[in-house]
6 protein chains.
Amino acid sequence: MAENTFESLLVISAHAGDFVWRAGGAIALAAARGARVTVACLSFGERGESAKAWREGKKLDEIKQLRRGEAERAAEVLGADIRFLDAGDYPLVESPELVDSLVRIYRETTPTAVLTHTLVDPYNGDHPAAARMAMNARILAQAVGYDAPGDPLGAPPVFSFEPHQSEMSGFRPDVLLDITEVFDTKRDAMRCLGAQQHMWTYYEDLAARRGMQLERNAGPNLGVRQGTRSEAFVRHYPHVTDRLS
Amino acid sequence: MAENTFESLLVISAHAGDFVWRAGGAIALAAARGARVTVACLSFGERGESAKAWREGKKLDEIKQLRRGEAERAAEVLGADIRFLDAGDYPLVESPELVDSLVRIYRETTPTAVLTHTLVDPYNGDHPAAARMAMNARILAQAVGYDAPGDPLGAPPVFSFEPHQSEMSGFRPDVLLDITEVFDTKRDAMRCLGAQQHMWTYYEDLAARRGMQLERNAGPNLGVRQGTRSEAFVRHYPHVTDRLS
Amino acid sequence: MAENTFESLLVISAHAGDFVWRAGGAIALAAARGARVTVACLSFGERGESAKAWREGKKLDEIKQLRRGEAERAAEVLGADIRFLDAGDYPLVESPELVDSLVRIYRETTPTAVLTHTLVDPYNGDHPAAARMAMNARILAQAVGYDAPGDPLGAPPVFSFEPHQSEMSGFRPDVLLDITEVFDTKRDAMRCLGAQQHMWTYYEDLAARRGMQLERNAGPNLGVRQGTRSEAFVRHYPHVTDRLS
Amino acid sequence: MAENTFESLLVISAHAGDFVWRAGGAIALAAARGARVTVACLSFGERGESAKAWREGKKLDEIKQLRRGEAERAAEVLGADIRFLDAGDYPLVESPELVDSLVRIYRETTPTAVLTHTLVDPYNGDHPAAARMAMNARILAQAVGYDAPGDPLGAPPVFSFEPHQSEMSGFRPDVLLDITEVFDTKRDAMRCLGAQQHMWTYYEDLAARRGMQLERNAGPNLGVRQGTRSEAFVRHYPHVTDRLS
Amino acid sequence: MAENTFESLLVISAHAGDFVWRAGGAIALAAARGARVTVACLSFGERGESAKAWREGKKLDEIKQLRRGEAERAAEVLGADIRFLDAGDYPLVESPELVDSLVRIYRETTPTAVLTHTLVDPYNGDHPAAARMAMNARILAQAVGYDAPGDPLGAPPVFSFEPHQSEMSGFRPDVLLDITEVFDTKRDAMRCLGAQQHMWTYYEDLAARRGMQLERNAGPNLGVRQGTRSEAFVRHYPHVTDRLS
Amino acid sequence: MAENTFESLLVISAHAGDFVWRAGGAIALAAARGARVTVACLSFGERGESAKAWREGKKLDEIKQLRRGEAERAAEVLGADIRFLDAGDYPLVESPELVDSLVRIYRETTPTAVLTHTLVDPYNGDHPAAARMAMNARILAQAVGYDAPGDPLGAPPVFSFEPHQSEMSGFRPDVLLDITEVFDTKRDAMRCLGAQQHMWTYYEDLAARRGMQLERNAGPNLGVRQGTRSEAFVRHYPHVTDRLS
């Protein structure tokens, strides 16, 4: 297939930490290849994912500031630009205005791939809300008649990254991404997130477990390896390719 | 990922024509890249997919001979080796012996990708039977303790090719393979199948329709194109990759 | 659509009672319209559905004779021919020979509609086994190359009748058949089945409950009614029609 | 069943063209039988489905006028009344007010069958939004306590017409409607839609393909036919009938 | 497991009658054990489930008063506190304010189990709306950062009670609750609901039918029983236990 | 509910190690409560799950002996009786004879709960084969007319234990069993399985991960805990209970 070589990754994250835990490897890998990576952070996770800060008695504005700083540092480590839409969390309320903001980001960044949450998560209502808005905005951005700056979007593939409780969210991995070579970067980015320190080990272990699964599914063409690290994704549209592998 | 460059495609087909209609493009594409392609044809489709010959008054042996000849010519056009297991059709009966024959073919050809039928087809019981045997044999071939020549198999990806009635068979395309550049070869191969002449146009149209779908899903990186041809597949195991695209 | 008026109903039943409880109304309705109705009874339900007789100390042959007699009387009341394949139950074992017998019945009776069990029933393994054989035999009977007397079969619609525990068997009714006018006949037929007397009330109640559901779904065109009786079915292939209703 | 003979078809369409491509045959067939047919068009498809007009530099109001004119002509050809709710598209935003407008149309037209979009369409968010509103309004219209003119609605059956990408939208046909005798009318109606000229051939081909599928599923009672044309539908509530066919 | 013995049941009901028909046994059983039981009644069912009163010519306010009285009496019989949120029905419109009210009830009552509607009900849009709000509010109540009185909620299990048309709502029972010993109480509570008198017998029959199903699934440890009465539920989160039974 | 206190657990395992990795905690827990626990081991896993021994050059008989010894020691540590049916693995072939053997074990052990594999496992065909036989044998054992010693079985609940790749096998946990207090015993039993040493750490980690999930789902009634260990199960029949928890 005639491909151009421009690569732009757009990651739409409900809260300040999600893009790191769930897609930090994918981001670092793309950035390392020279891709443009943009994280659209819909909220700071100030109410729903900052329990430690609340228990320490911090105020809402302090917590938002704290989470923003953490997320900025993590994005920098991963090699991504980050934008905060400050839409509030718990609940993250869907609105035409918020979707419109996402359309404008799509038009501006012209992603070649999009990452977001799953459409189902019985443990967190903000995650599906973010995913629905991400997917609706992508469709709107494709219409020449939609009133926003920029050209109509093409049809970039969309991937859901892994939710916290995979089976309960109907998450059956379609793609296992090999992030071994950038795993140290992901670990460094995770350690920027002091507000959720209890997650560090959990997501290190998950990367190793998905790595073992990758080895189990890698076919005869993966050289012998040890210590593979991986992130899992679900694909929403057919994979367009010129090779079955 | 450290990949070796050997490519071997194994296509497990219930009847003599299936591999042509449903995977002829994938075969021609791989062969054109220099891959080894092997078609394991479980039956000749002598009872279930040779209505024209029966109506012309031909006998069973003649029909088997006829379909064998057609399949051999089609395989040659596509660039594949073909083997006939002559297991009978309508019904194709599953047996440990037939599965064992497939294990031996797996061990010998060491496929890097496997193509077969869907596990569901309410219009044809032989197709799911072939798919179940193909998938079971692949698992057995992976075990060092399985008593058959050759080394234990790796974990080649498995794809179901498209059944005749996609929605009724639960076929939701995961992969759209661009076969434009080899479509003339597929057309030539289809025309070797005189016993099923009514299918020629149907599958030419399908290739164009899947081609339009490919363009609709191709994202911003596909150059402007006309007349794309495609085959659709469903993937059974996670896609192992180092790039989300 | 150009329709011919011949109507032939084929009911494939795992045990001697199933066709009465689950499809007695459909049978009586078709027979009352002058249709040919054939019941193919794969076993007598001698082991799995004759607990009362076993508890009374009867022997296997006596029980088979008893259930045969009951089923013959019920079929006569409903207006159907009945054939016993005496294949044994608990378990009803699938075999190519048994499927071949069904192919021959298909070819002979040329059904315009087929009724059988559901493909899922976690409380009874014989029911799905009967359904799989019924559906496979129908496909084989369609092939001109299949070696059995008679012409190749057309494509009669197939319906699953209601299992004992509907939700657990994934039974979501597609069709509610109004059996009000023949319900007395069905009741009479049920009362022929002395070996399963505990079911009489259960299936009378079910007919009333499905009747209420029919009224709830009947749209504006059903006249005001009371005491509607119904049987529920799941359809396996698309409904071919010239009117959406 | 005691049926009255009044027939009223209500088609709820997100955009100006949808009712033609997806249900033009069903509309023409009902109209030809003397049924009342009403199309409720929620938007003109002015932003999302008028790419050609935007590319030609037309303005929003011009485009709405253009699409309205096309839709009116197509409806006239098919024999339907059409009403425009002008609710805007891309996105079509669900609201209690819009649902209330639909309730009033239900109460006024007292449909005996309802056609609308699928509840899933990953390529177009307006389609599921229209379907959800169509289905919710139907339920509200049934309540005697709902404050709108007219009598409480009965329970007309609801059908989803075919989306553009059937498998990806989980569209498994339940009903194949024979539209052969009105296909010329549907073709004429499609040709009224100059803004979407690229769809004409696509939907002519689809009608032929669904026609072939109809023949394959028509059972032994369809006379020998050539050139059957069909539209496919999914049924949302059980089919109430007095005959299994 | 270290358990404390406090038991608090929260039932979130769309309309005034739902909690009685669908969960009256569960409520009476918990109350009989000394549990605190709270019913949050989102509407009175004044429009959608009071057809008899509308047909008698009553006005909206009268009907709301009537249904409130009935619900209060039923709750008293069952042993529950009841609160009316008076949010309107047909449609019951989801809003952040209504969800916030539920969060406050969660925080105040600290339920150890939650009962609500199913997430799917093609016959009633208010039921899924209530279920979505019930589930979202539970998640919000768990967040320390959510601004409402009380401590963050734990993770009480959530159960859907049985919808009117189980199969059409995808209701596959996970739990069969033995309500035999409190069934007289449930019957008395149902009889408080004069506005829906046609339901009394229906739900008495359902309790007997679910009772028979319970006996069928009860394993070898249920003593011989007659006249078991049961209610069915679907569980939304894994059952945490120290014994498989 | 009137319960008798006899407890008997039957575990049907395809290979020698499965019952330890996947259900060792459940077994140890039941045994510690004084329950009778019986493991029916259909094969030794001699071909499919003994790669290390094959690579060391051992012969088939040696390997079977080796795996038998390991399994006996593990069963003893857990407190279970173990029986070997020596039916062969890779493939484990279903047969009426093998099912009959299981019926006899059911009749003899009269289990109050049954554990076996999942019905789906795309990585191992023996696991679903074992599950199908386990479930079919349970149904046969319930029939008074089935010719085997002992009384007809009741209806013990059936649970699938966790497969190696949960999401790919459609394993969505219904039950999280708290095995913390017997986890040391499970660890000791795992260490008896020298042939699969690479699994020890994997299943220790899994127990901790499922333990964290248990804490997340445990509701407000679980005391504060650290280091919870758990096993996950899927339930096949409704849970019969007198308390929603």
Side-chain angles (χ1 to χ4, degrees), chain B residues 21-22 48-49 51 55 118-125 127 159-177 196-219 224-235, chain D residues 21-22 48-49 51 55 118-125 127 159-177 196-219 224-235:
Chain B
W21 313 116
R22 310 181 195 291
E49 311 206 337
R55 291 213 186 84
T118 48
L119 287 165
V120 173
D121 185 340
Y123 294 91
N124 193 311
H127 294 166
F159 301 88
S160 285
F161 40 64
E162 180 161 353
H164 195 67
Q165 300 213 16
S166 62
E167 299 108 341
M168 300 306 295
S169 303
F171 184 83
R172 182 182 175 281
D174 287 335
V175 181
L176 294 170
L177 183 72
Q196 294 176 288
Q197 195 166 340
H198 59 292
M199 308 278 262
W200 297 356
T201 308
Y202 187 90
Y203 280 96
E204 292 197 24
D205 289 351
L206 178 61
R209 187 157 48 91
R210 291 295 179 201
M212 278 185 278
Q213 188 181 8
L214 184 152
E215 291 172 9
R216 178 86 188 257
N217 285 280
V224 176
R225 287 270 296 276
Q226 292 214 331
T228 303
R229 294 294 179 275
S230 173
E231 284 173 350
F233 298 89
V234 163
R235 178 190 286 284
Chain D
W21 313 116
R22 309 180 195 292
E49 311 206 338
R55 290 213 187 84
T118 48
L119 288 164
V120 173
D121 186 340
Y123 294 91
N124 192 312
H127 294 165
F159 300 88
S160 286
F161 40 64
E162 181 161 352
H164 196 67
Q165 300 214 15
S166 62
E167 300 108 340
M168 300 307 296
S169 304
F171 184 82
R172 183 182 174 280
D174 287 333
V175 181
L176 293 170
L177 184 72
Q196 295 177 288
Q197 195 166 338
H198 59 291
M199 309 278 262
W200 297 357
T201 307
Y202 187 89
Y203 279 95
E204 291 197 25
D205 289 350
L206 178 61
R209 186 156 48 90
R210 291 294 180 202
M212 278 185 278
Q213 188 182 8
L214 183 151
E215 291 173 9
R216 178 88 188 257
N217 284 280
V224 176
R225 287 270 297 276
Q226 293 213 331
T228 303
R229 294 294 179 276
S230 173
E231 284 173 350
F233 298 90
V234 162
R235 179 189 286 284

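Below, read A as the first sequence line, B as the second, and so on, with proteins coming before strands; counting in each chain starts at 1.
- In this view, D:Ser160 and D:His236 satisfy the side chain to side chain donor-acceptor pair (under 3.5 Å) rule, not counting sequence neighbours.
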* For B:Arg209 and D:Glu167, what are the C-alpha separation, side-chain angles and deciding distance, and is it a salt bridge (charged side-chain N to carboxylate O under 4.0 Å, His left out)? -> CA-CA 13 Å; B:Arg209 187 157 48 91; D:Glu167 300 108 340; 5.1 Å; no
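- Neither the backbone nor the side chain of B:Asp205 has a heavy atom closer than 4.5 Å to any heavy atom of chain D.
- Ranked by heavy-atom pairs under 4.5 Å with chain D, the list B:Arg216, B:Met212, B:Gln213 is led by B:Arg216.
- Residue D:Tyr202 touches chain B through its side chain alone, counting heavy-atom pairs closer than 4.5 Å.
- Annotation: side chain of B:Asn217 is in contact with side chain of D:Gln165 (closest heavy-atom distance under 4.5 Å).
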